[in-house]
Structures are given as structure tokens and as C-alpha cells.
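Lettering of chains follows the sequences in order, A, B, ..., and the numbering in each one begins at 1.
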Amino acid sequence: MHAADQVHLLKENVEIFLPHQALEEKLALARQEHRPLRIKLGFDPTAPDLHLGHAVVLKKLRQFQELGHTIVIIIGDFTARIGDPTGKNKSRPPLSVQQVLENAQTYVNQLSKILNVDKCQIRYNSEWLEAMDMTETIRLLSQVTLAQIMQRTDFNNRFQSNLPISLHELVYPLLQGFDSLQIQADLEMGGTDQLFNCSMGRQLQEGQGAPGQAVLCMPLLKGIDGSAKMSKSEHNTIGLTEAPQEMFGKIMSIPDALLPEYLHLVTDFTPAEKQALLTRLEQGENPMAVKKLIGSNVVQQYHSAEAAAQALAFFQKQVQSKGFTEKEFTAVSWSSLALDPAQPLRLLDLCKALKPHESNSTLKRLMEAGSVWVNGTKVRDAHSLLDMESDALRIKIGKRGFFEVTPD
RNA sequence: GGGGAGAUUCCAGAGUGGCCAAAUGGGACGGACUGUAACUCCGUUAGCGUAAGCUUUCGAAGGUUCGAAUCCUUCUCUCCCCA
């Protein structure tokens, strides 16, 4: 691929370049020195559940990898003990060595859905951070001023609103930056919320007389509820390992206004295809149709084309079709429910057996609200009796609970 | 070291002796609508009970009272200000 084409490809969707010409310069450097760029990807082994928000950054990294550059994955086992102050200020319990290893493994497994993990280097930052003594630590700290640290919006906000900031939090960005120095990163990527931490790495490198890393920040993907950021704590994520039907359904549930953003950031479509779909939206096509295409595309990326087709069919049948009988019911045998055949079977008891985690009160409310159907008929009375002797019984509880209870 | 504020149901946040299973908002769930699980509107949101009603819940443990989320004591934790 020509240099200009590479730059064009790599620039797509990137929100921040630091400095502005960083990408061009680094690529030129790589060409000049006949070596791949070393691109850093940091990971905090406390929460190894990757979702589409992470994927925005990872897909960009894959482009670099496909162009022959080297991805260096940093497992932040040491920094995990401190806690990244980004976002919520909650102290984290220290992780055991065992736990860190397990998390690292699941993390790498998930990465493999997007990156070629075999070609990545994997490093643990305890390797160098644990070895530092006080002298070296102080020397590191001396390279940054308080004013610089306080520029970080998160710290600034908290300081302004009289919220506590622990000293160790102030140090976190330096440690993350120190990782860049250690592995001689040419480039670091992250979401825009990582800009400060990433630029710290650049500063530390330059302070040591080394070339500073370029920083590229990808936009933060909004959550499926339309809120500012997809994040696990907001419960608005689509996980990379989720089942096809689940993934598809979640895409269908995003607010229509988010479609352009999702189209750009999470799909695999070519720029021309993206533009075509945007045009269709602008021309007033039902957003649902475009959403289905996006949903299929996403499922295809993380599962398969076959899975995508099935997920679409499932959605049409389960959500869109109005009939009761054609729904997909989960088969359950009478015997597995452990009901007493000698007792009269109340609807409430059956629902409780099918949904053991719901309380009787909750189930009764569902019935009163008219969301429980038995064999195609809405039943509101929790105490109506059912016949266990009968043939298959089809019951719907809530929007998602379709069960078919059958004799053994 | 000194002084002050606070801990409420999933979350935020009212409530300062009975009208409190506890306002309001968010979230979640459900219904209506829609060939979207979107948008909008409406409703529900401690458990048990056919029901009357009963039980648990307002940081923890005791106490006062006919009656406590509300008053008292001790404890745990959090935050702020001054030094």
C-alpha cells in the first residue's frame, strides 16, 4: 500500500493526533529505519471484559498490525494495585497474582477476536515498576510538576469541587507513562479519555532524551442507552464475547440517533458503503432497516455470517412478529420443574418454577400488568389453575421469557 | 492536633417521633404504540400471603417511648475546614 493510502486509512475515525503530524512522522521514521513501529496498548487487569467501545481502539490497532507494525501489550499488573483515576473514584482491592494471570489470559483471548495475538508482544509492567527503588522513583516524580498533573480534567474537577484526590492517583499517569519509556513505544493509542495519560508517556520519553511517542485517540463510543460512554459500570455495553442474538438485539435497542456513530465506529463497512447507508437514513428510510444491517455486520465480525443470519431471523421472529405461536420457546420438561403433581398447579407456581430468581410479588405484578400469556391467551389471575396432564404448555413471561413445558 | 458535616430502599436524594415500605429524579421492568428490544406515552418498582394482614428494611449494637429512619449512648466508616 502506498504511503499516502496508508495515512488515509489510518487516519479514519481518529479524533486526536498529538502532535498534529505525529502519524505521518512516525510512519516516515519507520520507513526510513526499515523497522516496524512499536505501538503500545495498555491494559489494566481488573476488568477484563472487552466491549465494542474497546473495539474502536482495537480495530485501529489491527490496521497498524496488518501493515506490519508491532503491537506491545502491557499488562498493568503493578498499576492495577493503584487504580486508574479515570472516571469514578473507587478504591480497588489489590489483585492476587493468580487473579492477574487469569484476567490477563481472558483479556488476551478476547483480544484475539480482533488482533493477531501471536504477533503481539506481551509485557507485565511489574517487571520494571516493582524493581524501582526510592531514588529512581523520586527522579521520575521530579520530571512532572503539580500544575501539569492538575491540568488533567478529572483531577481539576475534583479539586474544584473539594473532592479528595489521593497522592497515589496523581502518580498513576506517570507510571503509565513510564511504561512507554521502558518499551520504547513509538505510538500509543487509547480513547480520548486517555489523552492525558498517553501524553505523559511522551513527556517522560522526551525528558530522557528519547523520541516522544505519538498519541492517537479514538472517539469514545456511546453506550447502547445513548449515554456518553460505553462502560461496564453503566451496564450499557455490548461485549465482544456475547452471543449473536444478544449482540444483535442490543444493536437494535440503541437509540436511532446513534446510528451514524455506530455505523462509523463499530461496523466493518467500507467508507463507500457507510456513506450509502447514511444517505439512506437521510432520505428517510426506516432506521430499523439500517440498524438491522449494522447488527448483522457486527455479529458477523465477532461470530460469523451464519450466526448473523440466524440472529436476524431470530429477531424478526421473536421481537417483530406479532403472533404467539411462531415464537421460539425454550423447552422445559415438567419433571425438571420439581412441582408436586398432587397439588393443584397455580399459574404463579409455574412462573416461579420457570423464573426462580423472581419473587412472587414481582411475578404477580407482571401478571397484573398483562405480560403473562398461556397458550396464546393473556392471563392476569395469579391463582388460576393449570392442568399438568395436558400436552405441551406454552407460556410467555415478560418480553423475553418464552417457555414450552412438555411431558418428559 | 483542633473544629465541623454526614452514612436512607438498585443509584442519586427528600424525610427530623405516629399520616413512612419511606417524596422526587434516574435506572430497571411491564403495558400501549411502532413491521426496531428505537422514539413517545402510561404504569410498576421490599418479602410472604387467596385475602384481611404479617415480617424485614433507613451504617452497627444497645437504650428511651404506647410508637423511632427520626430522640439518647457507644461503635464503625466517609467527607470538609483550620493547623
Please state the [atom1] separation for the pair [N] and [M] - nearest whole angstrom.
N	M	atom1	result
B/rG4	B/rA23	C1'	29 Å
B/rG1	B/rG47	C1'	49 Å
B/rA22	B/rC77	P	34 Å
B/rU16	B/rU64	P	25 Å
B/rA5	B/rU50	P	50 Å
B/rC10	B/rG3	C1'	36 Å
B/rU8	B/rA14	P	11 Å
B/rC66	B/rG31	C1'	45 Å

Selection: [range], any non-hydrogen atom under 4.0 Å of RNA chain B:
range	result
residues 313-323 of chain A	A/Phe315, A/Val319, A/Gln320
residues 348-358 of chain A	none
residues 359-370 of chain A	A/Ser359, A/Asn360, A/Ser361, A/Thr362, A/Lys364, A/Arg365, A/Leu366, A/Ala369, A/Gly370

To the nearest Å, how far apart are [X] [atom1] and [N] [atom2]?
X	N	atom1	atom2	answer
A/Lys292	B/rU34	NZ	P	16 Å
A/Ile397	B/rG31	CD1	P	12 Å
A/Ile224	B/rU36	CD1	P	18 Å
A/Glu234	B/rG26	CD	C1'	11 Å
A/Asn286	B/rU36	CG	C1'	7 Å
A/Asp256	B/rC39	CG	C1'	7 Å
A/Met252	B/rC39	CE	C1'	13 Å
A/His235	B/rG26	NE2	P	18 Å

> Mapping A/Lys250 and A/Asp225 onto RNA chain B by nearest heavy atom, which one lands closer to the 5' end?
Replying inline: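 Per heavy-atom nearest nucleotide, the more 5' residue is A/Asp225.
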> Which sits closer to the 5' end of RNA chain B, A/Ser371 or A/Ile254, going by the nucleotide each is nearest to?
Replying inline: A/Ser371
Under 3.5 Å: donor-acceptor pair, side chain of [X], backbone of [Y]:
X	Y	result
A/Gln301	A/Val266	yes
A/Arg123	A/Val72	no
A/Gln148	A/Thr145	yes
A/Glu234	A/Ser231	no
A/Gln65	A/Asn116	yes

>> If we count only N and O atoms by modelled type, under 3.5 Å, do the side chains of A/Asp268 and A/Asn297 hold a donor and an acceptor together?
In response: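 Side chains of A/Asp268 and A/Asn297: no pair found under 3.5 Å.
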>> For a quick check under 3.5 Å, do A/Glu328 and A/Gln318 share a side-chain donor-acceptor pair by atom type?
In response: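 Looking only at side-chain atoms, A/Gln318 and A/Glu328 do not form any donor-acceptor pair under 3.5 Å.
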> Among the nucleotides B/rA38, B/rA32, B/rU36, which one has an atom lying closest to any side-chain atom of A/Lys378?
Replying inline: B/rA32
>> Base, sugar-phosphate or nothing for A/Lys291? Non-hydrogen atoms, less than 4.0 Å.
In response: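 Here A/Lys291 touches the bases of the nucleic acid.
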Quick one: look up who [N] pairs with, Watson-Crick or G-U, both distances under 3.5 Å, and put none if it's unpaired.
N	answer
B/rU16	none
B/rA83	none
B/rC10	B/rG26
B/rU34	none
B/rC71	B/rG63
B/rU50	none

Take a 6.0 Å sphere around [atom1] of [X] and say whether it holds more than 12 heavy atoms from other residues, nucleotides or ligands.
X	atom1	answer
A/Lys317	NZ	yes
A/Glu206	CD	yes
A/Gln320	CD	yes

Output one line per pair: protein atom, nucleotide atom from nucleotides 40-43 of chain B, and distance, for all N/O pairs under 3.5 Å.
none

Salt-bridge criterion met for [X] and [Y] (N-O under 4.0 Å):
X	Y	value
A/Lys229	A/Asp193	yes
A/Glu242	A/Lys250	yes
A/Glu404	A/Lys396	no
A/Asp349	A/Lys352	no
A/Asp186	A/Lys40	no

>> Would A/Lys11 pass as a cation-pi partner of A/Phe17, given that its NZ or CZ must be under 6.0 Å from the six-membered ring centre and within 45 degrees of the axis?
In response: yes
>> I need the full list of side chain to side chain donor-acceptor pair (under 3.5 Å) pairs touching residues 256-267 of chain A, with sequence neighbours left out, sorted by first then second residue.
In response: A/Lys222-A/Glu261, A/Asp256-A/Lys291
N/O-N/O pairs, protein side and nucleotides 53-58 of chain B side, under 3.5 Å:
none

> What about A/Phe329 and A/Phe402, are their ring centers closer than 6.0 Å?
Replying inline: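 That pair passes the under 6.0 Å test.
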> What residue among A/Arg38, A/Glu188, A/Lys26, A/Arg202 forms side-chain hydrogen bond (donor to acceptor under 3.5 Å, both in side chains) with A/Gln213?
Replying inline: A/Glu188
